[in-house]
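Since this is a predicted model, take the numbers as computed values, not measurements.
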Amino acid sequence: MQIHLSRNNDVPLQEQIAEQVVFLISTGKLRAGQQLPSVRAMAVRLKIHHNTVSKAYQELVRRGWLVRRQGSRLFVEAAAETVEDAPKGDLDGLINETIQRAREMGYSLQVLQERVMERVYSAPPDCVVVVEEEAGLREIIRTELISRVTRSVKAYSPEQLPNSPELAARAQVTAPDYAVRLVKSIVPRDRPCVPLTFSGADEHVKLVEELTQPSTIGVASISRRLLKTARGLLASAVGERHTLKEFFVSGKGTADLRGVDLAFCDSVAMARVRCKRKIHYRLLTLESMESLALTLSAQRDYGGGKRVKVEPRRRS
């Protein structure tokens, strides 16, 4: 868990810590159920006062990123399942565990095979639904997925989805990994939510670190949350040497950043920003988009199967 702080920056240390933890969770480097270092251990590691770490942790608990368990121990909020509950080992090990679990529940191997094939051959969805709490992030995710999948892509908040049960029933729902838990009880069991992982920003931070002259760094986005995370993430690289400016691109407006030396733009803001040097930050990893595309492809190629009612085998 790497966190880099700058004391020579106007971004408070507790905000730098909080936003970098958020980024580590969003990019999958901190997993659901993973325990964080104690307040004092983190303070020693970062060489700062423990009250600063405590305030950052408290803010993350308030925002729902961390949860307290077993006394004062802090863990990343669980997603669809906790790390302790997740299957371990390789694919063969996972299959063996599934077979054993099915037998313990009273299902025969034939029934297990029928249910697996039923899932594979289930009717394909006619659209993709992105679920995310913040409107800006929803639109960025939707925009990036449009170029990768052959279905229509719609976006909703977790609060909006329950009001459209028919939509969830005929759609493939997808959400950032940290938000899967919010829709687990809503989506059909035979079409579980496909998790999405956010991209890292090591290359973007390195670009700032490699600047030889004092520069003005811009971050342009339609997401206020993404801007806040970028502020905490880039603080150590910006330091006192450079100046960081945030540009919220609202509605369908544009932003003139021609006075900025280097600008990082999300996938929506990229087309709306004028700047002599702008760098595209793609929010979603290629791997997670491919995973969604493969899921849709499998449902399309093998769609049309009929549901078979399967009862557990009676024990003699």
Side-chain angles (χ1 to χ4, degrees), residues 22 25-34 63-65 67 75-87 91 94 98 115-116 118-199 223 225 283-303 305 307:
V22 168
I25 296 172
S26 301
T27 55
K29 294 179 180 178
L30 276 177
R31 306 298 298 177
Q34 186 171 340
R63 291 163 58 186
W65 291 99
V67 62
F75 294 80
V76 177
E77 175 64 278
E81 57 184 10
T82 63
V83 170
E84 291 84 357
D85 296 332
L91 180 58
L94 176 59
T98 302
R115 177 54 60 84
V116 170
E118 175 192 348
R119 289 285 293 273
V120 172
Y121 288 87
S122 61
D126 56 9
C127 68
V128 173
V129 168
V130 174
V131 182
E132 160 55 39
E133 292 182 301
E134 201 227 39
L137 284 179
R138 286 201 302 271
E139 182 58 23
I140 296 171
I141 295 171
R142 191 186 76 86
T143 298
E144 294 190 0
L145 289 181
I146 285 175
S147 64
R148 300 294 304 181
V149 302
T150 56
R151 306 289 197 281
S152 64
V153 183
K154 303 177 182 179
Y156 294 88
S157 70
E159 293 75 23
Q160 292 171 327
L161 195 62
N163 297 325
S164 304
E166 73 288 349
L167 179 62
R170 63 183 176 84
Q172 175 59 64
V173 175
T174 187
D177 194 38
Y178 57 79
V180 170
R181 61 184 173 83
L182 300 177
V183 299
K184 182 183 178 184
S185 62
I186 302 172
V187 299
R189 293 185 64 184
D190 60 350
R191 190 176 293 151
C193 178
V194 176
L196 298 169
T197 304
F198 289 173
S199 301
S223 165
R225 206 189 92 189
L283 183 66
L284 301 177
T285 63
L286 180 60
E287 292 77 12
S288 63
M289 288 194 290
E290 288 181 343
S291 177
L292 175 61
L294 285 172
T295 298
L296 295 171
S297 177
Q299 292 166 341
R300 179 197 64 208
D301 294 341
Y302 300 104
R307 175 173 293 280

*Asks:* If you look at every heavy atom in Pro125 and Arg151, which pair is closest and at what distance?
*Replies:*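 Taking every non-hydrogen atom into account, O-NE, 2.9 Å.
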*Asks:* I'd like to know whether Val131 forms a side-chain contact (heavy atoms from CB on, under 4.5 Å) with Cys193, so could you lay out the CA-CA distance, the side-chain angles of the two residues, the decisive distance to 0.1 Å, and finally the verdict.
*Replies:* CA-CA 9 Å; Val131 182; Cys193 178; over 6 Å; no
*Asks:* How many angstroms lie between atom CZ of Arg181 and atom CD of Glu77, to the nearest 0.5 angstrom?
*Replies:* 4.0 Å
*Asks:* When rounded to the nearest 0.5 angstrom, what is the spacing between CG in Leu137 and OG in Ser157?
*Replies:*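 With rounding to 0.5 Å, CG (Leu137) is 13.0 Å from OG (Ser157).
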*Asks:* Yes or no on side-chain contact (heavy atoms from CB on, under 4.5 Å) for Val128 and Leu296, after CA distance, side-chain angles and deciding distance?
*Replies:* CA-CA 9 Å; Val128 173; Leu296 295 171; 3.7 Å; yes
*Asks:* Between CD of Gln34 and CD1 of Ile25, what distance do you get to the nearest 0.5 Å?
*Replies:*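 If I round to the nearest 0.5 Å, the distance is 9.0 Å.
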*Asks:* Any chance you could measure Ile141, atom CD1, to Ser288, atom OG, to the nearest 0.5 Å?
*Replies:* 9.0 Å
*Asks:* With rounding to the nearest 0.5 angstrom, report the OG1 to CZ distance, Thr174 to Arg142.
*Replies:*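 With rounding to 0.5 Å, OG1 (Thr174) is 14.0 Å from CZ (Arg142).
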*Asks:* Ignoring hydrogens, what is the shortest heavy-atom contact between Gly33 and Phe75? Give both atom names and the distance.
*Replies:*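 So the two residues come closest at O-CD2, 3.2 Å.
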*Asks:* Is there a side-chain contact between Thr197 and Glu287, using heavy atoms and a 4.5 Å cut-off?
*Replies:*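 Thr197 does not reach Glu287 side chain to side chain.
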*Asks:* Which value, rounded to the nearest 0.5 Å, describes the distance between Thr27 atom OG1 and Leu283 atom CG?
*Replies:*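 If we round to the nearest 0.5 Å, Thr27:OG1 and Leu283:CG are 10.5 Å apart.
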*Asks:* Looking only at heavy atoms, which two atoms of Pro162 and Ile186 are closest? And how far apart?
*Replies:*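 Between these two residues, the closest heavy atoms are CG-CD1, 3.6 Å.
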*Asks:* Can you list the steps and then say if Leu286 with Arg148 is a side-chain contact (heavy atoms from CB on, under 4.5 Å)?
*Replies:* CA-CA 9 Å; Leu286 180 60; Arg148 300 294 304 181; 3.6 Å; yes
*Asks:* Checking Lys154 now: which residues fulfil salt bridge (Lys or Arg N to Asp or Glu O under 4.0 Å) with it, not counting sequence neighbours?
*Replies:* none
*Asks:* Show every salt bridge (charged side-chain N to carboxylate O under 4.0 Å, His left out) that has at least one partner inside residues 124-135, sequence neighbours left out.
*Replies:* Asp126-Arg170, Glu132-Arg225
*Asks:* Has the side chain of Thr143 got a donor or acceptor atom that lies under 3.5 Å from a matching backbone atom of Glu139?
*Replies:* yes
*Asks:* Could you walk me through whether Phe198 and Leu284 satisfy the side-chain contact (heavy atoms from CB on, under 4.5 Å) test, starting with their C-alpha distance in whole Å, then the side-chain angles of each, then the deciding distance to 0.1 Å, before giving a yes or no?
*Replies:* CA-CA 5 Å; Phe198 289 173; Leu284 301 177; 3.9 Å; yes
